[in-house]
Amino acid sequence: MQCSLPTLKNLFRSVLLLSALTAASAQAAEKIDLIIDTDPGADDVVALLFAMASPDELNIRALTTVAGNVRLDKTSRNARLAREWAGREEIPVYAGAPAPLLRKPIYAENIHGKEGISGVTVHEPKKGLADGNAVDYLIKTLSTAKPHSITIAMLGPQTNLALALTQAPEITQGIKEVVVMGGAHFNGGNITPVAEFNLFADPVAAEIVLKSGVKLTYLPLDVTHKVLTSEARLKKIADIKNNASKVVGDILNEYVKGDMEHYGIPGGPVHDATVIAYLLKPSLFSGRQANMVVDSREGPTFGQTIVDWYDGLKQDKNVFWVENGDAQGFFDLLTERLARLK
């Protein structure tokens, strides 16, 4: 049977339309349902602006805050500041744990300044906190979510999620993946010779999350110390010339000084922002599944993450440990997203 030319043209249009609809459906299906747990912190603020500039890929359900880089009242204010700077006031911010589970609180004011963000002037944001507690929010949201549907970006100590898991272990059913900025193996620590700050701040919480059986990805100092600022990279951010780029530029120009001097490196890491880049474009990073344990014993190895990289112990490979990242690809993506903001 022969088809007329108009019929063939209509058939061709139908095929193109179907392909476009299929691609759009696939893109919508890949959108990440996300909760960001954070302790802002300079690099946290950069990470939050990065995430909030990416609404096509990230459906941010809430920001939950925890004490870490500074006290809870300041981390909660700084999260709300980032939300205001991004023009995303519709995203609720819930305050969570004011202290670690067992240990005495520690802060990183020597790195992030007394207000948690150096290089910029802070103020009280117009919009306040959401009603309720971050831990209660996590329990309610994860227990009623579709199975394995919500990703948690963990940018600070893991206290909020550990408390939620302790009170309601069944909430693991709602978790798709937990992506952690934390830990150190090959690189050494940044608060002790072996421990990274987020794990050192609450290793017991990290153990609880690790033992819960949720899917875990770690972006440790091993990778963040390979993704460094440079004059050229900071200039590209400055050249955007919007408010978001000015905020990020001012923060980073001040924040990276300490690491550059301490480690003798040509640029500074933007630790927490690597988590957002991993969620947006995992092809920028590489690593492997490995067994990891957390040392919560008092002593010189307190807070250490011990990674069986070469599988010598033949134990369950319970984390995906990211080791390498494309530094230029990271900064290109960050710059492109910041340009979307005001």
Side-chain angles (χ1 to χ4, degrees), residues 32 37 101 147-148 150-159 161-162 165-166 169 171-228 263 265 269 271-327 329-330:
I32 297 171
D37 194 85
L101 295 182
H148 307 299
I150 296 179
T151 297
I152 301 175
M154 190 73 63
L155 308 184
Q158 299 175 46
T159 317
L161 184 56
L165 287 165
T166 301
I171 65 173
T172 57
Q173 71 85 33
I175 299 174
K176 179 181 179 181
E177 182 179 14
V178 178
V179 184
V180 176
M181 189 281 119
H185 180 59
F186 298 106
N187 191 78
N190 62 355
I191 189 163
T192 76
V194 296
E196 179 273 330
F197 176 84
N198 287 341
L199 272 291
F200 187 80
D202 199 343
V204 173
E207 280 189 308
I208 290 170
V209 175
L210 185 65
K211 293 175 180 178
S212 71
V214 297
K215 182 181 178 183
L216 273 167
T217 294
Y218 264 72
L219 287 102
L221 299 185
D222 301 351
V223 64
T224 66
H225 275 244
K226 295 172 183 173
V227 181
L228 303 177
Y263 293 104
I265 50 180
H271 306 285
D272 292 332
T274 61
V275 169
I276 306 306
Y278 177 83
L279 292 172
L280 293 172
K281 198 172 181 181
S283 61
L284 292 174
F285 300 89
S286 62
R288 67 170 70 164
Q289 288 291 139
N291 178 263
M292 187 194 89
V293 296
V294 181
D295 192 346
S296 59
R297 301 169 299 174
E298 291 293 338
T301 58
F302 183 77
Q304 182 179 12
T305 45
I306 302 157
V307 182
D308 187 8
W309 187 251
Y310 296 105
D311 197 25
L313 300 176
K314 306 299 180 186
Q315 297 295 310
D316 177 51
K317 294 179 176 63
N318 53 3
V319 304
F320 183 76
W321 189 265
V322 178
E323 185 198 14
N324 280 303
D326 177 349
F330 166 85

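Values below: every heavy atom of this structure, side chains too, minus hydrogens, waters and symmetry copies. Small disclaimer: the values here were computed from a predicted structure and weren't measured. Throughout, numbering of the chain's residues begins at 1 and tracks the sequence.
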Going through the distances and angles, do Ile175 and Leu161 end up as a side-chain contact (heavy atoms from CB on, under 4.5 Å)? CA-CA 11 Å; Ile175 299 174; Leu161 184 56; 4.3 Å; yes

Ignoring hydrogens and geometry, is there a side-chain-to-backbone donor-acceptor pair from Thr192 to Ala195 under 3.5 Å? yes

Check: Asn324 main-chain N/O paired with Asp222 side-chain donor or acceptor under 3.5 Å: no

Exercise: identify the closest heavy-atom pair between Gly329 and Asp326: N-OD1, 2.8 Å

Atom pair CZ (Phe320) and OG (Ser286), whose distance is rounded to the nearest 0.5 Å: 7.0 Å

Quick one, Met292 and Leu210 - any side-chain contact, counting heavy atoms below 4.5 Å? yes

Any idea which heavy atoms bring Ala162 and Leu101 closest together, and the distance? CB-CD1, 4.0 Å

Side chain proximity check, Tyr278 to Leu219, heavy atoms < 4.5 angstrom: yes

So how far is it from Leu216 CG to Gln289 CD, rounded to the nearest 0.5 Å? 9.5 Å

Contacts of Asp37 that satisfy side chain to side chain donor-acceptor pair (under 3.5 Å) - sequence neighbours left out: Thr64, Asn160

Specify the closest pair of heavy atoms between Ala273 and Phe330, including all atoms of both residues, with the distance to one decimal. O-CE1, 3.5 Å

Sorted by chain and residue number, the side-chain contact (heavy atoms from CB on, under 4.5 Å) partners of Gln173 (sequence neighbours excluded) come out as Pro147

Quick check for you: to the nearest 0.5 Å, what is the distance between Leu155 atom CG and Thr274 atom OG1? 8.5 Å

Only counting residues at least two apart or in another chain, list the ones meeting ring-ring contact (aromatic ring centres under 6.0 Å, His included) with Phe302. Phe200

Find the distance between CD1 (Ile208) and CD (Gln158) and round it off to the nearest 0.5 Å. 10.0 Å

So, the side chain of Glu323 versus the backbone of Val223: is there a donor-acceptor pair under 3.5 Å, distance only? no

Any donor-acceptor pair under 3.5 Å from His271 side chain to Thr224 backbone: no

Please round to the nearest 0.5 Å and tell me the distance separating atom CZ of Phe285 and atom NZ of Lys226. 11.5 Å

Side-chain donor-acceptor contacts of residues 176-190 below 3.5 Å, not counting sequence neighbours, with atom names and distances?
| residue | atom | partner | partner atom | Å |
| --- | --- | --- | --- | --- |
| Glu177 | OE2 | Thr217 | OG1 | 2.5 |
| His185 | NE2 | Val307 | O | 3.4 |
| Asn190 | OD1 | Phe197 | N | 2.9 |

Is there any salt bridge (Lys or Arg N to Asp or Glu O under 4.0 Å) pair reaching into residues 190-211, and which pairs are they, with sequence neighbours excluded? none

Can you name the residues that form a side chain to side chain donor-acceptor pair (under 3.5 Å) with Thr305, not counting sequence neighbours? none

Quick one: salt bridge (Lys or Arg N to Asp or Glu O under 4.0 Å) partners of Asp308, sequence neighbours excluded? none

Applying salt bridge (Lys or Arg N to Asp or Glu O under 4.0 Å), name anything that partners Lys317, two or more places apart in sequence or on another chain. Asp311

Does anything in residues 281-303 pair up under salt bridge (Lys or Arg N to Asp or Glu O under 4.0 Å), and if so which pairs, sequence neighbours excluded? Asp295-Arg297

Closest contact, heavy atoms only, Val204 versus Ser296: CG2-CB, 4.2 Å

To the nearest 0.5 Å, tell me how far Asn291 CG sits from Asp316 CG. 6.5 Å

